[in-house]
Amino acid sequence: MPYTNQAAALIHSVKAVGERLIAANPVELAVGNVVRRVLHIVREEDLSLTTAAMAGLNLSAESDDEDDTDRDNHPALSAAAIAAASRSTLRPPSLQTLLEDVPDSAAVPHTSSSGGDSEGKSKSADKSSRSRKLKHDVIEAVNELIQDISTCHELIAEQAVEHIHQNEVILTLGSSRTVLEFLCAAKEKKRSFRVFVAEGAPRYQGHLLAKELVTRGLQTTLITDSAVFAMISRVNMVIVGAHAVMANGGVIAPVGLNMVALAAQKHAVPFVVLAGSHKLCPLYPHHPEVLLNELRSPSELLDFGEFSDCLDFGSGIGAPLLHVVNPTFDYVPPKLVSLFITDTGGHNPSYMYRLIADYYSADDLVLERRTTSGN
Amino acid sequence: MWWRSASFILDRQQEQNTSYPPNPESLLLSSPPPSMADSLQNPKPDISAYYQTRAAHHAVVTSDWLSQAQAAVSLQTNDDVSSGSDGRVAPTGGGTGGDNKTFSVIDEFNSWRKQPDLAEAVAAIRALAAVIRASQATTMMELEIELKKASDSLKAWDATSISLTAGCDLFMRYVTRTSALEYEDFNSARYRLIERAEKFGEISYKARRIIAMLSQDFIFDGCTILVHGFSRVVLEVLKTAAENKKHFRVFCTEGRPDRTGLRLSNELAKLDVPVKLLIDSAVAYTMDEVDMVLVGADGVVESGGIINMMGTYQIALVSHSMNKPVYVAAESYKFARLYPLDQKDMGPALRTIDFGVPIPSKVEVEKSARDYTPPQYLTLLFTDLGVLTPSVVSDELIQLYL
């Protein structure tokens, strides 16, 4: 397979699989995030290989006058300019590139491959080794990504000491592994603090968290979700986990956290969200209460035995009069969040766009493949 | 069960069409286009030419009338004008025929600016392209100096137009960076500059299309959008949504004294979008029915705030207090290196307001045409660089200028 198509072929196949994965469960945003991360990795590795090849072919590229018909590049552009232009195709559009005519990304590798052709057969072996190198690099980078995802808890927990101080009262809701490790890391550094755990109806995972914290030796208080507003005035900080972080800094979090965030804002209590970088999603929440939510079974709320006549469809009335709504997630708007702690450090909600630009490519936001190339 | 019911769709059959017929008196009330006899000096320095032009665009007229009127004006002033370019609607290359001494970048700019569909910054960049074409410089440095002079004179001629300033700065920035690329040949570099400047007009149209596409997801079925001012970008957004068969309705503020709401409601009625006209004071009254506010921008400043038609700040304040999102649709070349700290921090942009009755001379009138909306009242900006939060704007500007 020619070098020019290697990266494109990889991207194509990753997109094919990624599309199906995302379609299987659109609410699980982390799936889409990882697919886009992998695509970004492929593009980056391809680019770094191209620039390395470009540096090697710098002298020979300028003698390539005969292949002008394919390219719409201005023939006076030097190889350095082409490399700079190809770098800018990877970056999202910006004011700097607004007036520039970015050469077609297909034209950029043409230079390197035509440079390879003009050097004769000695380069053909080089080309196939380059294509193997691309795959090798991508696989390495993906392994690093896997490593990062599995160690994100430790990296976040390392920052616990800076945020939790002596004799503080922390509030959390439900159960999150990141929060658990965060609190335990602070405990290990000999900070003494207390934790209020809201039980997180209807799944009551707060009970499990409370039990865990007690076994690790932390003073814990268990409260109902409804009591959060009553207790918030005694709390120094709210620390919670997230299901996903959206591009505007909004958080998709377990149900009940919007209420906690509003209570925290009312009493000027910092609302801190812990999230690994794989949870950062480049999409904007258009209608998050509906589009990014999952409605779970009513059985978590009600006992079917007692309520069978209210919920019964065939009871002669037709439609049941009792509806049970059991959403899984809440959307917390960015203005209620004080700080995000990710594995790269603590950030403001308005800083999320920078992380997105680092981790994702603008071309990958929409993953549906088009049958015609070039969009 | 999560959404408010879109009952306005059912009510639509009973509602009367609320668009107003064009008022012939409005033609007399709107000021005539600025004369171009003295090109280097703005004939009415205390009236903002930018808002004058916008008012001329907004007057409830048909484009036929506009072209006839301009043809009539150009016939009258043909004797006074020294250079060849006139206020014709057809975009001829004007101004280059004849000697360079009488070539005036201001005239060139004015000829482009008259077109109702062309953005200010595009007109400025086209004028600068004409400068390059007419220039007799032989080195890049000389060309840059000439361009700088032309750009300064354009900016001085109308100091109130932010997109003009931003467009000129952007082009100057591009020129200085292009010369850093290794072009062996001055002529090919010059050719490239002219070509990119001409293409910029296409970029501007493309920018509107991109913004329209990005904002589609934010308009959901059954939503109510409040619009202030007549922005061509916002119109594009709403047109695209209507074409995608979304059900939504629009509240237009009247937009005194430019009557932008009337023009906009005309356009929307053609698209079969349910429109309701409000007087400017009725915004808070209807705000609870509104799902989002959508405005354009004359300029986007470094803090992420916007400068837009008078009344935008008011509407943003009301929406913020009622927790409604405020979306701004602006192209990226409107980003300007300004940082106003309050309303009076910008240069004054005045325009005449006609109250319909004579006002005693002792009574002062607030004639400012624009206001500044700070970034904390804005939710998102839709630009051709993507959907941005206000904090991203300064980042982009820093990347460009530093």
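Labels below follow one simple rule: chain letters A, B, ... track the order of the sequence lines, proteins then strands, and each chain is numbered from 1. Worth knowing before you read on, the calculation uses all heavy atoms, side chains too, and leaves out hydrogens, waters and symmetry mates.
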- Does any N or O in the side chain of A:Tyr353 come within less than 3.5 Å of the main-chain N or O of B:Leu388, such that one atom is a donor and the other an acceptor? no
- Query: Hey, what do you get for CD1 (B:Ile219) to NE2 (A:His286), rounding to the nearest 0.5 Å?
  - Reply: 11.5 Å
- Sorted by chain and residue number, the side-chain hydrogen bond (donor to acceptor under 3.5 Å, both in side chains) partners of B:Lys148 (sequence neighbours excluded) come out as B:Asp152
- Task: With the side chain counted from C-beta on, respond yes when A:Lys335 and B:Asn323 share a heavy-atom pair under 4.5 Å apart, and no when they do not.
- Result: yes
- Query: Is it the side chain or the backbone of B:Tyr333 that comes within 4.5 Å of chain A heavy atoms, both, or neither?
  - Reply: both
- Note on the structure: Counting heavy-atom pairs under 4.5 angstrom with chain A, the leader among B:Thr383, B:Leu380, B:Asp395 is B:Asp395
